[in-house]
Amino acid sequence: MPQILIIDDNAAVATALDVLFSLHDIETRHACSPEQGLAMLAEQEFDLVIQDMNFTADTTSGEEGQVLFRQIRDSWPDLPVILLTAWTHLDSAVELVKAGAADYLAKPWDDGRLLTTVNNLLELAETRRELSRRRQRELKQRQSLHERYDLAGVVFADPASERVISLACQVARSDLPVLITGPNGAGKEKIAEIIQANSGKRGGPFVALNCGAIPAELIEAELFGAEAGAYTGANKAREGKFEAADGGTLFLDEIGNLSLTGQMKLLRVLETGRFERLGSNRERQVKVRVVSATNADLPAMIRDGSFREDLYYRLNTVELALPALGERREDILPLARHFLGDEGKALSPQAVQALQRHTWPGNVRELRNVIQRASLLAQGPRIEAPDLNLPRAPLRPTAPADEPDRARIVGALERAGGVIAQAAADLGLSRQALYRRMDRHGIPRE
């Protein structure tokens, strides 16, 4: 049951409010002075405070109420406070509302308006508490991950990132091949480093090869090595990535770019640990954990014959799907501040808003480049929004700029965990306005 503290020197006011709220399953407690009210707040948790503005006889200035409000705000900054007074001089009340007071009502009050205000504030307070509890749980989970595993310096705050990292840590202990999927620049290699750091091969080498950055005719030589004369320009023998990664982990990025011949040889290595250098008939034996990554649709490539189905299932014993940065938005600011470094410039509030609004099609790589460029070019002590040089979000041609479409509404509901009040606040709507739009777009009320 919600708890409200009434701080008023008039016992009749407290009694009237207690009767009103008890009819709506809201419990009240009464303090007859600011000192008693502050003491009760220190002893017990309340959901809301209704306070008078004057406590001394023949006093109408409201100064006592201002002092009390600021004391409450200093010690309990998130506690909603409603100001209640018999005097209708509203200048001081307006100032307190600007300072964070939830509302200002004159005596005698309107029961309907007071109940509406109180219920809205109680619902919002519960939403904030639930968000706080969720963030505390997420923080504890992240701390637990940091304590139990070597996270290779990864920076994250979004639950979507945490799920992928947690799963990577779990599968790291086995030697099974892992396939990491996700868009370019999302951080797939960092996930591979986490797997290596928590595996039984963490003392061995970590070797990375971007299959998309090497000409097709040279990928096999890069992977398996080559003897002198094996191809034009091969003047001496060279070892490949598998030999270099022996006893450790080989990370194959953009695995979809591997030729069919290279795929066949890779499948044999995965199954037997054996291979030959190009131009050699001598088999070599290695023990390598293979972690591969791609931004390609491998099942579609299998259907059109450009990727071997048996290799896909061999690589895909465990799949880790890393979302794009735009889908894990709580990572944006921690990553930006990480790229700035401890001695870097601070971000202005406008710059923070610009970073959060941007869709980040280039993912973490784009964010890093934007921050590095802004750090170099910013003239002032802080990085301002223009320093980021981000494009403005295009206007939606089918709806006003401030009218959320279905995707935005669904996204807000997901971020709020289905809490309507929080999703509505995120979208700048009232609860009823959000309900109307949910009905219009066919979004179920759960």
Side-chain angles (χ1 to χ4, degrees), residues 131 134-135 138 142 153-165 180-191 293 295 321-417 422-429 434 437 441:
L131 286 174
R134 190 185 75 182
R135 286 170 181 158
E138 292 170 354
R142 289 199 297 272
V154 68
V155 176
F156 69 99
D158 197 281
S161 298
E162 181 185 325
R163 286 191 291 270
V164 176
I165 292 168
I180 306 171
T181 58
N184 283 335
K188 298 190 289 293
E189 184 168 348
K190 180 59 71 173
I191 300 299
N295 69 336
L322 183 61
L325 181 58
E327 299 173 19
R328 42 192 176 101
R329 305 199 67 82
E330 292 182 39
D331 286 347
I332 294 173
L333 289 184
L335 282 167
R337 294 186 173 112
H338 171 72
F339 295 139
L340 285 169
D342 294 336
E343 304 299 325
K345 294 182 177 181
L347 294 164
S348 72
Q350 293 75 20
V352 168
Q353 292 177 4
L355 290 172
Q356 292 174 325
R357 284 197 304 265
H358 189 52
T359 57
W360 301 108
N363 296 290
V364 178
R365 186 177 296 130
E366 179 190 5
L367 174 60
R368 182 183 62 234
N369 293 341
V370 165
I371 293 298
Q372 290 175 344
R373 182 181 62 240
S375 299
L376 180 64
L377 299 180
Q379 299 296 315
R382 300 188 303 178
I383 294 176
E384 302 293 341
D387 298 323
L388 300 170
N389 196 30
L390 294 172
R392 290 186 177 181
L395 294 176
R396 301 179 184 272
T398 58
D402 58 350
E403 174 64 23
D405 60 11
R406 191 181 196 280
R408 280 182 62 196
I409 293 172
V410 171
L413 288 167
E414 290 177 349
R415 288 192 298 276
Q422 179 61 28
D426 186 16
L427 295 168
L429 301 172
L434 177 55
R437 284 157 177 80
H441 290 292

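These numbers come from the heavy atoms of this one structure, side chains and all, not from hydrogens, waters or symmetry mates.
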Response to the item:
Between the CG atom in L367 and the NE2 atom in H338, the distance rounded to the nearest 0.5 Å is 10.5 Å
Discussion item. Can you give me the closest heavy-atom contact between A354 and L390, atom names plus distance?
Written reply: O-CD1, 3.7 Å
Practice prompt. Report yes or no: does R365 contribute a side-chain atom to a donor-acceptor pair with the main-chain N or O of A186 at less than 3.5 Å?
Written response: no
Discussion item. For residues 379-388, which residue pairs pass the salt bridge (charged side-chain N to carboxylate O under 4.0 Å, His left out) check, not counting sequence neighbours?
Written reply: R382-E384
Practice prompt. Mind jotting down which residue pairs meet the salt bridge (charged side-chain N to carboxylate O under 4.0 Å, His left out) criterion with at least one end in residues 330-351? Sequence neighbours excluded, please.
Written response: R328-D331
Worksheet, complete the sentence: By side-chain hydrogen bond (donor to acceptor under 3.5 Å, both in side chains), R437 pairs with (sequence neighbours left out) E403
Item to complete: Side-chain contact test, heavy atoms from C-beta onward, threshold under 4.5 Å: evaluate it for I409 versus D405 and give yes or no.
Response: no
Fill in: Partners passing side-chain contact (heavy atoms from CB on, under 4.5 Å) against S375 (at least two apart in sequence or in another chain)
L340, I371, I383
Worksheet item: Just how far is it from atom CG of L325 to atom OG of S161, taken to the nearest 0.5 Å?
Response: 8.0 Å
Discussion item. With ring-ring contact (aromatic ring centres under 6.0 Å, His included) as the rule and sequence neighbours excluded, what pairs involving residues 353-386 come up?
Written reply: H358-W360
Worksheet item: Any idea which heavy atoms bring N389 and R373 closest together, and the distance?
Response: CB-NH2, 3.8 Å
Worksheet, complete the sentence: Hits for side-chain contact (heavy atoms from CB on, under 4.5 Å) against Q353, two or more places apart or cross-chain, chain-then-number order -> R357
Practice prompt. List the steps and the verdict of side chain to side chain contact (heavy atoms under 4.5 Å, CB included) for L376 and Q372.
Written response: CA-CA 6 Å; L376 180 64; Q372 290 175 344; over 6 Å; no
Worksheet item: Rounded to the nearest 0.5 Å, how far apart are NZ of K188 and CG of N363?
Response: 8.0 Å
Discussion item. For P404, run the side-chain contact (heavy atoms from CB on, under 4.5 Å) check against L434, L429, V410 and tell me which one passes.
Written reply: L429
